[in-house]
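Just below is one structure, and these are the notes that go with it.
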Amino acid sequence: MNESDPKDVVHLYLQNARDALLWKLEGLSEYDIRRPLTPTGTNLLGLVKHTAGVELGYLGDTFGRPSGELLPWLDKDAELNADMWATADESREEIVGLYRRAWAHADATIAALPLDTVGKVPWWPDGKDDVTLHHAAVRVIADTHRHAGHADILRELLDGAVGMNDGNSSLPSDDPAWWEKYRGQLEEAAREADEKWA
């Protein structure tokens with residue numbers, strides 16, 4: 001990677017987020033990658049499905065580069081939030097494959113166009129729909145990292161796996177006793193603060 005090339009930097013951070021998000025699916029059952037783990041239904045495979053659509057929209061359609069991928073969950077008559085979960089008929093392989101094709105399409109857009117290229121976001125209001133490729137790419141990076149963060153929490157709740165990938169937990173310890181003590185310290189501080197400031 002050439003750190004002085006803005007496109008290389010954009011690609012590095014986008015790919016890191018993509019890889020982190022997909023790693024969260026590894027080794028989990030079909031049930032666990034699909035099950036709703038928050039009151040609003042957040043689930044791992046749904047996050048992947050959503051981010052595929054985000055990449056194809058912002059780094060494809062917006063710049064007059066449609067992918068040709070069919071995304072029925074984005075149709076006007078689709079069920080609300082249909083891009084945030086996988087039906088029983090949508091396989092893990094289909095959704096991950098779509099996401100990888102979305103990467104390739106987005107990467108081709110970034111490679112083909114200057115970062116100051118202006119596109120029009122089809123779902124933004126008229127007159128406020130212009131965006132540069134640089135802006136769109138940063139937006140996709142931010143969105144993907146946000147959802148990778150959601151996936152971090154979901155995966156930790158499922159089986160305790162944490163980090164950006166299998167070799168990078170970015171945590172200070174892997175000792176369960178250390179974490180139990182640390183968590184107890186936080187609980188105690190939270191209770192003290194509640195008594196002090198409530």
Trace of the side-chain hydrogen bond (donor to acceptor under 3.5 Å, both in side chains) decision for T87 with D89: CA-CA 5 Å; T87 69; D89 293 329; 5.0 Å; no
Trace of the side chain to side chain contact (heavy atoms under 4.5 Å, CB included) decision for T42 with L37: CA-CA 6 Å; T42 307; L37 293 165; over 6 Å; no
Full working for side chain to side chain contact (heavy atoms under 4.5 Å, CB included) between L14 and R18: CA-CA 6 Å; L14 182 53; R18 292 164 170 166; 3.2 Å; yes
Test log, rule side chain to side chain contact (heavy atoms under 4.5 Å, CB included), inputs W179 and L171: CA-CA 10 Å; W179 284 108; L171 295 176; 3.9 Å; yes
Side chain to side chain contact (heavy atoms under 4.5 Å, CB included) between L21 and L47, worked out: CA-CA 8 Å; L21 187 56; L47 292 172; 4.2 Å; yes
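K49 NZ to D83 CG: the interatomic distance, rounded to the nearest 0.5 Å, is 7.0 Å. For the atom pair L113 CG and K7 NZ, the distance stands at 6.5 Å (nearest 0.5 Å). With rounding to the nearest 0.5 Å, the separation of OG1 in T38 from CD1 in I153 is 10.5 Å. Taken from CG in L45 to CH2 in W85, the straight-line distance is 11.5 Å, to the nearest 0.5 Å. Between atom CD1 of residue I141 and atom CD of residue Q15 there is a gap of 11.0 Å, rounded to the nearest 0.5 Å. Taken to the nearest 0.5 Å, the CG atom of L44 stands 6.0 Å off from the CG atom of L25.
In the hydrophobic clustering of this structure, L59 groups with V54; members are Ile, Leu, Val, Met, Phe, Trp, Tyr whose side-chain heavy atoms approach within less than 4.5 Å, directly or through other members.
Proximity of a side-chain donor or acceptor of T117 to a complementary backbone N or O of P114 within less than 3.5 Å is detected. Although no hydrogens or angles enter the test, the distance criterion places a donor-acceptor pair under 3.5 Å between the side chain of R155 and the main chain of K24.
More than 12 heavy atoms of other residues, nucleotides or ligands lie within 6.0 Å of CG in D159, so this atom counts as buried by the packing criterion.
Using modelled atom types and a 3.5 Å distance limit, the side chains of D107 and H11 yield a donor-acceptor pair. Remark: the R139 side chain and the Y58 side chain contain an N/O donor-acceptor pair separated by less than 3.5 Å. Side-chain atoms of S173 and D175 include no donor-acceptor pair closer than 3.5 Å.
With a 4.5 Å cut-off on side-chain heavy atoms, I33 and R92 count as touching.
Of all heavy-atom pairs spanning A106 and E55, the tightest one is CB-OE1, 3.2 Å.
Using a cutoff of 4.0 Å between basic side-chain nitrogens and carboxylate oxygens, K120 and D129 are scored as salt-bridged.
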Under 3.5 Å, which donor-acceptor pairs do the side chains of residues 69-80 form with other protein atoms, sequence neighbours left out?
unit_1, atom_1, unit_2, atom_2, d
E69, OE1, R101, NH2, 3.2
E69, OE2, R101, NE, 2.6

Please set out all donor-acceptor pairs under 3.5 angstrom arising from side-chain atoms of residues 184-191, sequence neighbours excluded.
unit_1, atom_1, unit_2, atom_2, d
E187, OE2, R191, NE, 2.9
E187, OE2, R191, NH2, 3.0

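Between W103 and Y99, the ring-plane angle classifies as perpendicular under the 30° and 60° cut-offs.
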